[in-house]
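Heads up, the thing below is written out as structure tokens.
Index from 1, following the sequence. Worth saying up front: this structure is predicted, and the values here are computed from it rather than measured.
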Amino acid sequence: MIYQDKPIGQKATKELLKCKQEKDKVGEITVTNLSQQFKDTLVKIKDQKKQDMKIMLEQQSMMIQQSQEKQELDKIEKEEQIMKINISNLDLISVVYFQNMKLEIIQNRGFNF
């Protein structure tokens with residue numbers, strides 16, 4: 001039978017104090033661990049953001065390059081169409097215009113006359 005009015009003995013008091021101190025230590029360790037985990041998570045998030053930004057910049061660079069290549073191909077196609085024009089049936093103004101355009105195209109490609 002346990003008497004509740006009886007004061008706690010010295011051994012029991014020491015045992016309670018020891019348990020309380022261990023709980024405090026566990027609490028400190030948990031807070032320290034959570035804090036470190038939080039810091040680690042923040043570092044991972046920052047690294048992921050850097051990687052995402054790098055990938056996004058590479059994609060933008062590729063899109064710009066593809067756009068420039070497409071513009072160059074369009075320009076070459078237009079130049080080829082101009083070079084294929086038969087000027088024998090055109091009026092004098094059109095003949096002069098297309099001859100100048102053809103000369104300009106030839107010069108841009110590295111042929112000088």
Without swapping roles, check the side chain of K102 against the backbone of I85 for a donor-acceptor pair under 3.5 Å. yes
Rounded distance [0.5 Å steps], CG in L34 versus OG1 in T41: 10.0 Å
Check the surroundings of atom CE in M56: do more than 12 heavy atoms from other residues, nucleotides or ligands lie under 6.0 Å from it? yes
CD/Q37 to NZ/K44 distance, rounded to the nearest 0.5 angstrom? 9.0 Å
So do the side chains of E72 and I76 get within less than 4.5 Å of each other, counting heavy atoms only? yes
With side-chain hydrogen bond (donor to acceptor under 3.5 Å, both in side chains) as the criterion, how do E104 and N100 come out once you've worked through the C-alpha distance, each side chain's angles and the decisive distance to 0.1 Å? CA-CA 6 Å; E104 187 178 322; N100 286 335; over 6 Å; no
Should we count CG of L42 as having more than 12 external heavy atoms under 6.0 Å? yes
Ionic contact status for D74 with K78, cut-off 4.0 Å: no
Side chains of D40 and Q36: is there a donor and an acceptor less than 3.5 Å apart? yes
Going by heavy atoms in the side chains, are E79 and M101 under 4.5 Å from each other? no
What do the steps show when you test L57 against Q60 for side chain to side chain contact (heavy atoms under 4.5 Å, CB included), and what is the final call? CA-CA 5 Å; L57 290 173; Q60 285 179 343; 3.7 Å; yes
Between atom OG of S61 and atom CD of Q65, what is the distance when rounded to the nearest 0.5 Å? 6.5 Å
Could you state the interatomic distance from NZ (K75) to CD (E80), rounded to the nearest 0.5 Å? 12.5 Å
Flag yes if I105 and V96 sit in one hydrophobic cluster, no otherwise; membership is Ile, Leu, Val, Met, Phe, Trp, Tyr, and two members link when side-chain heavy atoms are under 4.5 Å apart. no
Does the pair Q48 and D52 meet the rule for a side-chain hydrogen bond (donor to acceptor under 3.5 Å, both in side chains), with working shown? CA-CA 6 Å; Q48 185 64 41; D52 291 346; 3.0 Å; yes
Result for side chain to side chain contact (heavy atoms under 4.5 Å, CB included) between S67 and one of E69, K70, Q71 points to Q71
